[in-house]
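Worksheet: one structure, shown below.
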Amino acid sequence: MVSIKVPVVENRQYPYDSFILAVRAPEIAQSVLPGQFVMVAVADRGAAPVPLLKRALAVYSVHPEDGQPSIVTFLVKIVGEGTRRLNSVRTGEYLDLVGTLGNGFDLNRGKGKINLLVVGGTGIASVYLLAEKWYRWGEEVHLVYGGKSADHLIGLADFKKLGIPVFVTTEDGSLGYQGLVTQGFQEYSSKVPTEHINLCTCGPNAMMEAVTVVARSQEIPCQISVESKMACGFGVCLGCAVKTLDSYRLACTHGPVFDGASFVWESDSAR
Amino acid sequence: MVSIKVPVVENRQYPYDSFILAVRAPEIAQSVLPGQFVMVAVADRGAAPVPLLKRALAVYSVHPEDGQPSIVTFLVKIVGEGTRRLNSVRTGEYLDLVGTLGNGFDLNRGKGKINLLVVGGTGIASVYLLAEKWYRWGEEVHLVYGGKSADHLIGLADFKKLGIPVFVTTEDGSLGYQGLVTQGFQEYSSKVPTEHINLCTCGPNAMMEAVTVVARSQEIPCQISVESKMACGFGVCLGCAVKTLDSYRLACTHGPVFDGASFVWESDSAR
Amino acid sequence: MLPEVDLSVEISGLRFKNPVLTASGTFGYGLEFADFFDISELGGFCTKGLSLHPMKGNAPGRIAETPSGMLNAIGLENVGVDCFIAEKLPLLEGFDCLVIANIFGKTIEEFVALTEKLNPHPKVAAYELNISCPNIKEGGVQFGHDPEMTHRVVQAVSSVSEKPVWVKLSPNVTDITVFARACEQAGADAITLVNTFVGMVVDVHKKRPMLSNTTGGLSGPAIRPLAVRLVYQTVQAVDIPVIGIGGISTVRDALEFLIVGARAVQVGTANFVDPSAAARIVEGLREHCVKEGVSDIDDIIGSFRPIEEGDFVYY
Amino acid sequence: MLPEVDLSVEISGLRFKNPVLTASGTFGYGLEFADFFDISELGGFCTKGLSLHPMKGNAPGRIAETPSGMLNAIGLENVGVDCFIAEKLPLLEGFDCLVIANIFGKTIEEFVALTEKLNPHPKVAAYELNISCPNIKEGGVQFGHDPEMTHRVVQAVSSVSEKPVWVKLSPNVTDITVFARACEQAGADAITLVNTFVGMVVDVHKKRPMLSNTTGGLSGPAIRPLAVRLVYQTVQAVDIPVIGIGGISTVRDALEFLIVGARAVQVGTANFVDPSAAARIVEGLREHCVKEGVSDIDDIIGSFRPIEEGDFVYY
Ligand SMILES: Cc1cc2nc3c(=O)[nH]c(=O)nc-3n(C[C@H](O)[C@H](O)[C@H](O)COP(=O)(O)OP(=O)(O)OC[C@H]3O[C@@H](n4cnc5c(N)ncnc54)[C@H](O)[C@@H]3O)c2cc1C
Ligand SMILES: Cc1cc2nc3c(=O)[nH]c(=O)nc-3n(C[C@H](O)[C@H](O)[C@H](O)COP(=O)(O)OP(=O)(O)OC[C@H]3O[C@@H](n4cnc5c(N)ncnc54)[C@H](O)[C@@H]3O)c2cc1C
Ligand SMILES: Cc1cc2nc3c(=O)[nH]c(=O)nc-3n(C[C@H](O)[C@H](O)[C@H](O)COP(=O)(O)O)c2cc1C
Ligand SMILES: Cc1cc2nc3c(=O)[nH]c(=O)nc-3n(C[C@H](O)[C@H](O)[C@H](O)COP(=O)(O)O)c2cc1C
Ligand code: FES
Ligand code: FES
């Protein structure tokens, strides 16, 4: 775990308030595991910055310089003040990072399986390294990726370039299957024997909840990458607790990847 | 008085943390009087910006576009968070302005006089329009301008271009008279019959205080442009009070220009 | 065309065209903002605190900026009630917006005298008793930090007042509900809160306070979470209406207070940051109602859904 | 070579190598920060609040960000004192930095039992009694908002304690000095303040609180002016040392507290924003002393120059 100041090497804007930030951070690039994240803020923010806290961002991809892993990218959607400020940084400016953080996905679970990544929106940021790793290992990986419209599906090309099969859903039908990603997932999974599926999902809570409900009912193993408000990101504030069947767990150190079977969603208590 | 959002057309950096910001603000450009100021902040700062309050800046100069006064400039020194943020804005970005504010200098006092502008550092921002106006009126104007070194004397060229006589003092002797501007002022004023001098001063409190003490002792009429912390700039918070012989006065509406004879400095009470 | 939304609220027998007022001491005598927007757009505004005699306020060093907030120790500088009546009030006649006279006295007698002086003037819609100014030695928190004194001053004013009496509470107390109940029992028609929180900033080079008064009152976004909680607590403790104040800069902020049950809000420090802030919030409330399909702001006021045992929340 | 500066301070018979500690609940059990700096650089640190039995804390929805601050309602999740002694304390042996055990109980008996359990362990230098947690139903402000109860719990712990007893006060009271004096009279060796201010944030779309506990404690730069004033007031009211906490992120902030008389400071929320914040402040203090020509930090502590009658200040 390091706390470092790193230069921005690119900030590429995408439609619908999304952007990909690339920074030079060899310390992170060399150690990051799929599903891990970093706490990020614009550097030199003064004594009482607004927003005060760093923001959690998954490492989207890693790229080499001079043959060594060096560049780390974040795929970000503007949702509020923190992501808005990150969006305004320019090449040559600096970010403060604390990382690498979190557990990451259990890679061994994917061996010899049909690895199905079910992703909604910006959740895509958490699974590219995962797809890449399993693909390199020669494991079977499929992506079900849903968004509002074709233009919302940032990063789609990167997955296609990997060569993995992609099943796209859009709410407006502008690309692929028209509907929600959860429907796409059911459509897709119905074609494979469930006992071979290893599921990983990331996206809005409501979507992941729907996916885990299906996964549980069909006894499909399912890893979920959850989001929780974080103050520190490294296990000291105890602020990011989520609920599992056993106990509260910290999203930042015990997670962000949890087993869907034992994760307790808000509406689970009502069930 | 208007509250407007205006585009930055230039941000030029100078040595020693100084910069000149130019904005397109015809509403201000057309009405501003010498010595008046504007409350300024970077636009779109979010719901709880840091710093919270706008910053008071004198209008340094006004420039035409298409024959109409349109461009307003501010000459600014970075001293803290607010000026630091202003320093980071780029051409095309926006500022929020409230203005035009304050009383400005009493121009009539300068008629038929030897108008001596005694300025320390960034105080120069408050007197360029004044020099220009009197110069255009054909009044005699002299500038005594002091700074730490030659490089600190931002704007000097603009005054020289006007053609008014300039007496420069630097603490390190890198240009002009070596010493403080207050010494320069005494040096300079000793050469003119005091009854012809009309003094205007702007700069750090300690300097203006020293100047007013001399002015009072020699019964030279003296206008001072003071700085006081301001929350609103237009007379409603009552936060910017300064002390005069009569009563407390608001620096933003009764000032920022006061008569040196009746202004009460911190150490006046000790005298 | 936007659908019609009824933003009006009733407070202490007065109908406000919308629940957005401006806070005392941050809006002058109302007239200073005429350049920025038509103040008839507001539900109402509270005057700068008025005293029986003009006050010159505290010595310079009156404000200091703090993270997301500011301290002030103006010391209640004001023109005095007579000058207000003679010079300011007539100019307000033309505005279609309720004027609340914020008043404070050093003694109960002064509070009563102020009320009696203002009673004959119909443009004054209500009184807001400032018993919570942290920046003066007499008459401020001396009343506001003692429930007994609070009761006495409120009762005295209520008994002579010909207009609704609102009481503005200090947040610098252990239990706000004790004071709110004291006001209610003494006949107050509404509670407004919060006034500022006492704070202090030190100039670490001069080793002196930034304010000549040493301490000042903290306002602005920094205090909003504290204010929301106090308003929520007070709403549950009394039956009279509560008006919420503290760090409101946006419509989202105003909604927090309305949702927990404030019948109206007051915008303070935000008026300095953006002189049109209050008008912007009125407009934003209208848009919010349209977007949420709400035709009457009363449906938002108090719509808070408390957490129940066992509930938890992911966001 | 920088000139030597003596940053060490003496508090309740303990000598701290410098006046910078880290605040309870923001520094884990100390070990989590080892990746960022050598915690032996600190004067000391306060453990996460320890209870007699492990506590699982509040349900999710535990934090919310606010302007220049954050709310927390962790609910004092902790491993329990036995686990702390068995598993955490041994790992701290190697660090050259004083460990303050922050403890809290639901009853006086629990406070006493905690003290007795920790007494035999020399690595624990002092106790910090948390009688001011706003986020639990029993044992928090129940003690901290009643001077009588404060006195009783402090006296009980002091009478069994073999180490200095510090008491951490709640800022959510009308008069902090009443509580500080109660502690002093009951035998406390030092006062630490402030704990967090009670606040609340509403999700205006869901119309629910952001925190499962509804309210939480506000910390961070937003509260600094409030904390500085309370520390200043307390320093004047008691003779025992006062340790200042609240929104300290920079050396300037720390200096504010030291100048008004705090014998040391604790860094809290800033540890989340920048994990090396506390180490940076230690370094900054040293540089500040060099720059100001001060060879002993004691010359800065309490160097505040109060405003005298008639003074005013321009900046
Ligand atoms: C482990 C993890 C990985 C993440 N990876 C990515 C990513 O790769 N790309 C991306 O765009 N976003 C990602 N997020 C979500 C991202 O952290 C939030 O969108 C961001 O914090 C919002 O901050 P804001 O100031 O823009 O929004 P605001 O809504 O103004 O934030 C207010 C507060 O809520 C918190 N918050 C708001 N939304 C979220 C959220 N969804 N999750 C956690 N905290 C939230 C903020 O951190 C802040 O404290 C991730 C979150 C976590 C926990
Ligand atoms: C009428 C007037 C005209 C001015 N014109 C200019 C100008 O043309 N160019 C220029 O560079 N500066 C000018 N100043 C000073 C300028 O406003 C301050 O330097 C600026 O506010 C500092 O803000 P900061 O956040 O960078 O500094 P900080 O020190 O971080 O500010 C902290 C607080 O103190 C206030 N403050 C700090 N220094 C001053 C000061 N000298 N005067 C008033 N308030 C202060 C800030 O507004 C803020 O509220 C003027 C001030 C006034 C009152
Ligand atoms: C500069 C200033 C002056 C104030 N003067 C008064 C006053 O005269 N009477 C009063 O009741 N409140 C006064 N207040 C308090 C405000 O009305 C309001 O209660 C407080 O600022 C909190 O709201 P805010 O955070 O929106 O500013 C003043 C506040 C400020 C900032
Ligand atoms: C997440 C969090 C957890 C805290 N837990 C404790 C605790 O267990 N015991 C305690 O006495 N104070 C606790 N506090 C209060 C801090 O120690 C400190 O008093 C407060 O945060 C103010 O300082 P700051 O503004 O520097 O954060 C906690 C604060 C935070 C933010
Ligand atoms: S974010 Fe602080 S413990 Fe997880
Ligand atoms: S700055 Fe508000 S009255 Fe002068």
Side-chain angles (χ1 to χ4, degrees), chain A residues 1-5 27 31 39-56 80-82 96-101 205 226-244 246-253 255 258 263-266 268-269, chain D residues 22 25-37 48-49 54-78 206 210-212 216 219-222 224 247-253 268-277 279-280:
Chain A
M1 207 162 44
V2 290
S3 170
I4 45 174
K5 185 167 157 178
E27 300 90 330
S31 64
M39 295 295 285
V40 183
V42 176
D44 303 318
R45 301 183 301 154
V50 166
L52 183 64
L53 304 170
K54 291 194 167 71
R55 297 302 190 237
E81 195 54 26
D96 283 331
L97 304 186
V98 172
T100 315
L101 305 169
N205 278 348
V226 305
E227 293 182 0
S228 177
K229 286 196 196 297
M230 295 181 174
C232 69
F234 53 96
V236 295
C237 75
L238 312 183
C240 63
V242 294
K243 198 165 178 174
T244 68
D246 304 337
S247 59
Y248 299 135
R249 309 287 281 166
L250 298 179
C252 69
T253 49
F258 290 91
F263 195 81
V264 182
W265 295 101
E266 237 174 300
D268 278 330
S269 34
Chain D
T22 47
T26 67
F27 208 67
Y29 300 102
L31 307 158
E32 293 85 345
F33 283 78
D35 274 3
F36 301 117
F37 65 92
K48 174 73 195 162
M55 283 176 67
K56 66 190 183 70
N58 289 332
R62 288 185 175 182
I63 57 173
E65 204 171 349
T66 69
S68 297
M70 62 176 279
L71 289 179
N72 88 79
I74 307 302
L76 290 172
E77 171 175 343
N78 80 100
K206 298 193 186 173
M210 293 287 260
L211 301 175
S212 69
S219 64
R224 197 178 59 238
I248 299 174
S249 316
T250 66
V251 63
R252 197 211 70 86
D253 305 341
T269 301
N271 297 313
F272 307 151
V273 180
D274 169 7
S276 325
R280 235 193 329 103

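Excluded from the calculations below are hydrogen atoms, water molecules and symmetry mates; all remaining heavy atoms, backbone and side chain alike, are included. Proteins come first, then strands; the chains are lettered A, B, ... in the order of their sequence lines, and each starts at number 1.
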Is [X] close to chain A through its backbone or its side chain, or both, or neither, when contacts mean heavy atoms under 4.5 Å?
X	result
D/T26	backbone
D/Y29	neither
D/A222	neither
D/T269	side chain
D/D253	neither

- Task: Taking the side chain as every heavy atom from C-beta outward, state whether A/C237 and D/N72 have any pair of such atoms under 4.5 Å apart.
- Result: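 Of all side-chain heavy-atom pairs linking D/N72 with A/C237, none is under 4.5 Å.
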
- request: Using a 4.5 Å cut-off on heavy atoms from C-beta on, say whether the side chain of D/F36 contacts that of A/M1.
  value: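 With C-beta onward as the side chain, the pair touches.
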
How many angstroms lie between atom [atom1] of [X] and atom [atom2] of [Y], to the nearest 0.5 angstrom?
X	Y	atom1	atom2	result
D/L71	A/K229	CG	NZ	11.5 Å
A/L238	D/N58	CG	CG	11.0 Å
D/E32	A/T253	CD	OG1	9.0 Å

Considering only heavy atoms and a distance below 4.5 Å, find which of [options] pairs most often with chain D.
options	answer
A/G239, A/G233, A/C232	A/G239
A/M39, A/R55, A/E81, A/M230	A/R55
A/V242, A/D96, A/V236	A/V236
A/P51, A/P49, A/A41, A/S247	A/P51

So which heavy atom on [X] is nearest to which on [Y], and how close?
X	Y	value
D/N271	A/F234	O-CZ, 4.0 Å
A/V50	D/S68	CG2-OG, 3.8 Å
A/Y248	D/R62	CD1-NH2, 3.4 Å

| said: Quick check on A/R249 against chain D: is it the side chain, the backbone, both or neither that has a heavy atom closer than 4.5 Å? | reply: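 No part of A/R249 comes within 4.5 Å of chain D.
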
Discussion item. Is A/S3 close to chain D through its backbone or its side chain, or both, or neither, when contacts mean heavy atoms under 4.5 Å?
Written reply: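 Looking at A/S3, backbone and side chain both touch chain D.
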
**Asked** Based on non-hydrogen pairs under 4.5 Å, which of D/K56, D/E77, D/K48, D/M70 is most in contact with chain A?
**Response**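 Of the candidates given, the most pairs with chain A belong to D/K56.
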
Heavy-atom pair count under 4.5 Å with chain A, highest-scoring of D/S249, D/S276, D/P275: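 So the answer, after comparing D/S249, D/S276, D/P275, is D/P275.
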
Checklist entry - Checking D/E65 side chain against A/L52 main chain: does a donor-acceptor pair fall under 3.5 Å? => result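 Yes.
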
